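What follows is a short report on a single structure.
As the structure is a prediction and not an experimental result, all values here were calculated from the model. The first residue of the sequence shown is numbered 1, and numbering continues consecutively from there. Below, all heavy atoms of this structure are taken into account, side chains as well, without hydrogens, waters or symmetry copies.
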Amino acid sequence: MLPDFPKTKKKLHQLFTLDMRLFQEEQAPVYKMASKHLIIEGDESLHIYEDGNQKETEFNKCRDGFEIDYRKPENMTLEAVHEKFMNMTENLTKEMCSKIFDTIHKTTKETGNILDAEKKEFTVDHCLKALSMISIDFDKKMNPILPTFFIGSGLTDKIKVELEKLKEEPYKSQYEEIITQKKAEFIERESNRKLVD
């Protein structure tokens, strides 16, 4: 009987899993930002929205894999197996991100929180309108926790220029007015939150 090397396998599993997590956090920030909860059993999750509505959603499955040909031990080096594992990780990460963005798109469509730029370039006005359409949370010091924009790399510089205009009038006053309104909404939401024993 061949030796099984359980300690070595456990250590490799830990290292490969860490590499997977680090890759996902680096290459897919949306994956890192999504809240994660361990669900022991079942095949659905329950989403509770700010207005109290609830919705059960079936889990989305993401699958990929790789094969190792045991008849070719020269292809079973740690480096070769790790490379196959990281290729699988990349495929899974792309699929998970695609599903996350599909869910975001579906949810925003259902709630009506869609900002259509009508094929025009992004402007500071679009940003202000988007902020006025969403709920904004605040930290313990009552600083706004602003949303994250996911944009193509070719638009980054253009959007940075537009967002800098939030520091200038008349946009600065409009932004401060929106934040004041959102702070009031946040305080009301928090004061209405049900306490659980």
Side-chain angles (χ1 to χ4, degrees), residues 2-117 122 130 133-137 145-156 159 189 193-194 196:
L2 293 172
D4 193 32
F5 303 109
K7 289 182 181 177
T8 303
K9 284 165 65 175
K10 182 178 180 181
K11 184 68 175 171
L12 285 174
H13 178 268
Q14 291 171 341
L15 291 171
F16 276 38
T17 303
L18 176 63
D19 282 351
M20 174 185 261
R21 193 171 71 245
L22 292 173
F23 177 88
Q24 289 171 331
E25 290 177 359
E26 180 183 318
Q27 298 297 319
V30 68
Y31 178 78
K32 182 179 180 180
M33 294 168 60
S35 61
K36 299 161 192 73
H37 303 279
L38 179 63
I39 299 175
I40 305 299
E41 59 184 34
D43 57 3
E44 291 184 338
S45 61
L46 179 66
H47 298 271
I48 303 173
Y49 297 95
E50 288 179 359
D51 61 6
N53 287 328
Q54 298 181 3
K55 182 178 178 182
E56 289 185 358
T57 308
E58 284 189 19
F59 293 143
N60 286 316
K61 293 182 176 113
C62 295
R63 291 190 175 133
D64 202 74
F66 62 91
E67 294 181 4
I68 300 171
D69 189 348
Y70 292 102
R71 294 169 297 183
K72 297 181 179 176
E74 67 273 13
N75 295 336
M76 291 175 55
T77 65
L78 182 59
E79 291 79 13
V81 173
H82 187 263
E83 183 179 348
K84 287 176 180 279
F85 178 81
M86 293 309 293
N87 287 338
M88 180 195 72
T89 296
E90 183 176 357
N91 293 338
L92 285 171
T93 302
K94 286 177 182 175
E95 187 177 352
M96 285 189 283
C97 285
S98 176
K99 289 186 179 195
I100 289 171
F101 279 113
D102 287 345
T103 301
I104 291 170
H105 179 71
K106 184 178 176 187
T107 303
T108 53
K109 194 172 182 181
E110 287 173 1
T111 60
N113 277 356
I114 294 178
L115 177 62
D116 186 357
F122 179 88
M133 294 170 66
I134 62 171
S135 296
I136 296 176
D137 288 338
I145 303 170
L146 296 173
T148 300
F149 288 99
F150 291 95
I151 55 175
S153 57
L155 297 173
T156 305
I159 290 178
R189 269 196 324 270
R193 187 186 297 270
K194 292 180 182 176
V196 179

Are the side chains of [X] and [Y] in touch, meaning some heavy atoms are under 4.5 Å apart?
{"X": "N91", "Y": "M88", "answer": "no"}
{"X": "D137", "Y": "R189", "answer": "yes"}
{"X": "L78", "Y": "L12", "answer": "yes"}
{"X": "F23", "Y": "T93", "answer": "yes"}
{"X": "V81", "Y": "F16", "answer": "yes"}

Open item on the list: Show the nearest heavy-atom pair for residues R63 and L92, with the distance to one decimal.
Closed with: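 Nearest heavy atoms, R63 then L92: C-CD2, 3.7 Å.
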Task: Closest heavy-atom pair and its distance - Q24, M96 - done: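 Where Q24 meets M96 most closely, the heavy atoms are NE2-CE, 2.8 Å.
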Open item on the list: For H82, I'd like to know if atom NE2 has over 12 heavy atoms of other residues, nucleotides or ligands within 6.0 Å.
Closed with: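 Yes - once you tally the heavy atoms of other residues, nucleotides and ligands closer than 6.0 Å, there are more than 12.
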- [ ] Kindly check if the number of other-residue, nucleotide or ligand heavy atoms within 6.0 Å of NZ (K99) is above 12?
- [x]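 Yes, NZ of K99 has more than 12 neighbouring heavy atoms, counting only those of other groups under 6.0 Å.
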- [ ] Output the distance between atom NZ (K61) and atom CD (E95), rounded to the nearest 0.5 Å.
- [x]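 These two atoms lie 12.0 Å from each other.
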Open item on the list: Just verifying a value: how many Å separate F85 CZ and T17 OG1, rounded to the nearest 0.5 Å?
Closed with: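 The distance works out to 5.5 Å.
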